[in-house]
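Everything quoted here is computed from the prediction, not taken from an experiment.
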Amino acid sequence: MNFCKKVITLISMVIVAFAFSSCGDKAVTPVQTATPQETITKVLENLKQVKSMKSIITTQSNMTAEGSSSEVSTQTEVTAVYSPLNMKIESKSSLPSSNDIVTYVDEVDGMATTYMEYAGQWMKQSLEPDIVLESLKMYDTKQNLVSFLENAVDWQETDGDDTLGVFQGVLPAGILAEVVEDTKALQMTGMAGLTEEYYEGVNDTTITVTINKQTLLPNSCTVDLSNTLETLMNNVSSTFGGGTEGNEPIKTIVNEYTLTVDCNDINETKKVEIPKETLDNAIDFERQIENASISEIPQGENGEELAVE
């Protein structure tokens with residue numbers, strides 16, 4: 001009987017000890033929840049390490065000027081491998097008269113060759129990869145997303161579930177000139193390369209990003225540039241559009257201008273093979289310019305260059 005009591009007592013002590021141990025574990029390992037800014041900071045760190053990605057850039061515009069309205073959307077599919085640089089850029093517009101535009105980039109031995117079609121003829125030009133990326137800046141979605149996220153403030157999580165989180169931030173008016181010009185976000189509208197004075201009067205704008213909570217990488221990002229574009233267009237119109245009676249500047253109302261980037265196949269994108277027809281038929285752009293310049297120089301009977309007074 002005493003033996004049974006001892007066994008029961010020992011079991012009770014083990015159960016109590018286990019219970020206290022469990023409570024102790026919970027006390028020292030609380031569930032940690034990242035703030036919205038901490039989440040965005042981690043997304044930025046991961047984004048900067050991305051080696052390849054596919055993206056779809058969509059611009060949606062709706063404008064009214066002099067009683068006439070226009071609504072246009074463009075969609076550009078970008079496939080990018082960053083080292084060595086390899087890209088395919090295919091852009092489509094909703095305008096009936098527009099044609100699809102395709103551009104290829106391929107880096108070999110430290111030089112990146114760009115293939116672009118002009119009036120049915122493929123042209124090629126080889127430059128250093130950094131220079132090529134700069135010339136195609138509006139399609140460098142990785143770096144542009146970094147620029148948008150780095151400059152936004154006041155991040156809040158507005159929606160989401162266990163898989164995706166929706167975060168909204170603010171791009172302050174004071175840095176919009178720098179960000180918009182850096183990302184070439186308004187290049188399709190012709191409002192690129194403007195100095196800071198034309199941004200006078202712009203308002204803060206919003207940026208919304210959807211994040212994959214498992215990978216902490218962006219699924220999509222939308223920037224509302226409606227007010228920014230309207231302000232720029234009207235400031236430019238006021239500067240160059242006259243101002244005398246009967247020649248007043250045209251006022252434009254931008255009902256909507258949004259830029260959305262949807263990302264997929266991050267770090268899993270494969271190199272694009274440029275069609276053989278493009279490779280075989282592409283004319284060297286630099287050589288064409290050189291040949292055109294040489295043909296303009298007067299030559300003698302034996303082919304020697306003649307001096308031009």
Side-chain angles (χ1 to χ4, degrees), residues 43-57 74-92 99-150 178-179 181-185 187-188 192-193 215 217-218 221 261-297 303 305:
V43 170
L44 271 165
E45 292 174 2
N46 294 339
L47 187 57
K48 290 175 182 179
Q49 303 303 315
V50 165
K51 299 183 183 303
S52 66
M53 65 189 295
K54 290 183 180 180
S55 53
I56 298 176
I57 306 169
T74 64
Q75 188 175 86
T76 305
E77 296 184 20
V78 181
T79 300
V81 177
Y82 293 101
S83 184
L85 185 62
N86 175 264
M87 300 178 74
K88 178 182 179 182
I89 304 164
E90 186 171 9
S91 188
K92 305 174 183 179
N99 297 317
D100 295 354
I101 301 173
V102 180
T103 301
Y104 295 99
V105 179
D106 195 34
E107 179 185 348
V108 178
D109 296 331
M111 294 296 286
T113 302
T114 304
Y115 298 84
M116 304 180 76
E117 190 176 14
Y118 293 95
Q121 174 62 60
W122 283 99
M123 307 290 287
K124 66 180 180 179
Q125 183 177 25
S126 296
L127 296 166
E128 295 179 359
D130 289 348
I131 297 176
V132 171
L133 268 180
E134 184 62 30
S135 69
L136 298 172
K137 189 62 181 291
M138 69 175 296
Y139 306 117
D140 184 1
T141 47
K142 170 187 166 181
Q143 191 55 45
N144 288 348
L145 285 172
V146 168
S147 182
F148 285 132
L149 297 182
E150 277 186 333
E178 178 182 346
V179 174
E181 291 299 325
D182 178 54
T183 59
K184 300 294 187 290
Q187 185 167 312
M188 286 188 179
T215 63
L217 284 166
C221 176
V261 178
D262 295 303
C263 308
N264 57 83
D265 287 353
I266 296 179
N267 290 327
E268 296 181 0
T269 302
K270 304 301 181 184
K271 176 181 176 180
V272 173
E273 295 297 332
I274 302 174
K276 186 176 184 301
E277 181 182 358
T278 298
L279 295 173
D280 291 343
N281 296 328
I283 297 174
D284 191 303
F285 183 70
E286 294 288 344
R287 188 167 297 175
Q288 285 290 102
I289 294 177
E290 290 175 4
N291 291 340
S293 299
I294 291 173
S295 66
E296 293 174 1
I297 299 175
E305 294 182 6

Heavy-atom side-chain proximity of Asp262 to Ser55 below 4.5 angstrom
no
Is there side-chain contact between Val102 and Ile89, with heavy atoms separated by less than 4.5 Å?
no
So, Asp265 and Lys54, do they make that salt bridge, N to O below 4.0 Å?
yes
Matching residue for Val105 among Leu127, Val132, Val272, Asn86 - test: side-chain contact (heavy atoms from CB on, under 4.5 Å)
Val132
Heavy-atom side-chain contact between Lys48 and Gln143 under 4.5 Å:
no
Supply the atom-to-atom distance Ile274 CD1 to Asp280 CG, rounded to the nearest 0.5 angstrom.
11.5 Å
Taking the side chain as every heavy atom from C-beta outward, state whether Leu47 and Val50 have any atom pair closer than 4.5 Å.
yes
Just so I know, are the side chains of Met188 and Ser91 near enough to count as touching, which here means a heavy-atom distance under 4.5 Å?
yes
Evaluation steps, side chain to side chain contact (heavy atoms under 4.5 Å, CB included), between Asn144 and Lys137:
CA-CA 8 Å; Asn144 288 348; Lys137 189 62 181 291; 3.6 Å; yes
Roughly how far, to the nearest 0.5 Å, is the CD atom of Glu268 from the NZ atom of Lys51?
14.0 Å
For Met53 against Lys142, the heavy-atom pair lying closest together
SD-CB, 3.8 Å
Could you walk me through whether Glu117 and Thr278 pass the side chain to side chain contact (heavy atoms under 4.5 Å, CB included) test, one step at a time?
CA-CA 9 Å; Glu117 190 176 14; Thr278 298; over 6 Å; no
Distance check, rounded to the nearest 0.5 Å: Glu128 atom CD versus Ile131 atom CD1?
4.5 Å
Please lay out, stage by stage, how Tyr115 and Leu279 fare under the test side chain to side chain contact (heavy atoms under 4.5 Å, CB included).
CA-CA 8 Å; Tyr115 298 84; Leu279 295 173; 3.4 Å; yes
So do the side chains of Ile56 and Gln75 get within less than 4.5 Å of each other, counting heavy atoms only?
yes
Grab the two heavy atoms, one from Met123 and one from Ala282, that are nearest each other, plus how far apart they are.
C-CB, 4.5 Å
Identify the two heavy atoms, one from Val81 and one from Thr269, that lie closest to each other, and give their separation to 0.1 Å.
CG2-O, 3.9 Å
Gap between atom CE of Met138 and atom OG1 of Thr76 - 0.5 Å precision:
6.0 Å
Does the side chain of Trp122 come within less than 4.5 Å of Ile283's, by heavy atoms?
no
Could you tell me the separation between the CG atom of Asp182 and the OG atom of Ser147, rounded to the nearest 0.5 Å?
4.0 Å
What's the shortest heavy-atom distance between Val146 and Leu44, and which atoms?
O-CD2, 3.7 Å
List the steps and the verdict of salt bridge (charged side-chain N to carboxylate O under 4.0 Å, His left out) for Lys271 and Glu107.
CA-CA 11 Å; Lys271 176 181 176 180; Glu107 179 185 348; over 6 Å; no
Considering non-hydrogen atoms only, spot the tightest contact between Ile266 and Cys263 and give its length.
CD1-CB, 4.1 Å
Which heavy atom of Ala192 sits nearest to which heavy atom of Glu181, and what is that distance?
C-OE1, 3.9 Å
Check against side chain to side chain contact (heavy atoms under 4.5 Å, CB included), Thr141 and Ile57:
CA-CA 8 Å; Thr141 47; Ile57 306 169; 3.4 Å; yes
Return yes if some donor-acceptor pair links the side-chain N/O of Asn281 with the main-chain N/O of Glu277 below 3.5 Å, else return no.
yes
Nearest 0.5 Å, what's the CG-CE distance between Asp106 and Met111?
13.0 Å
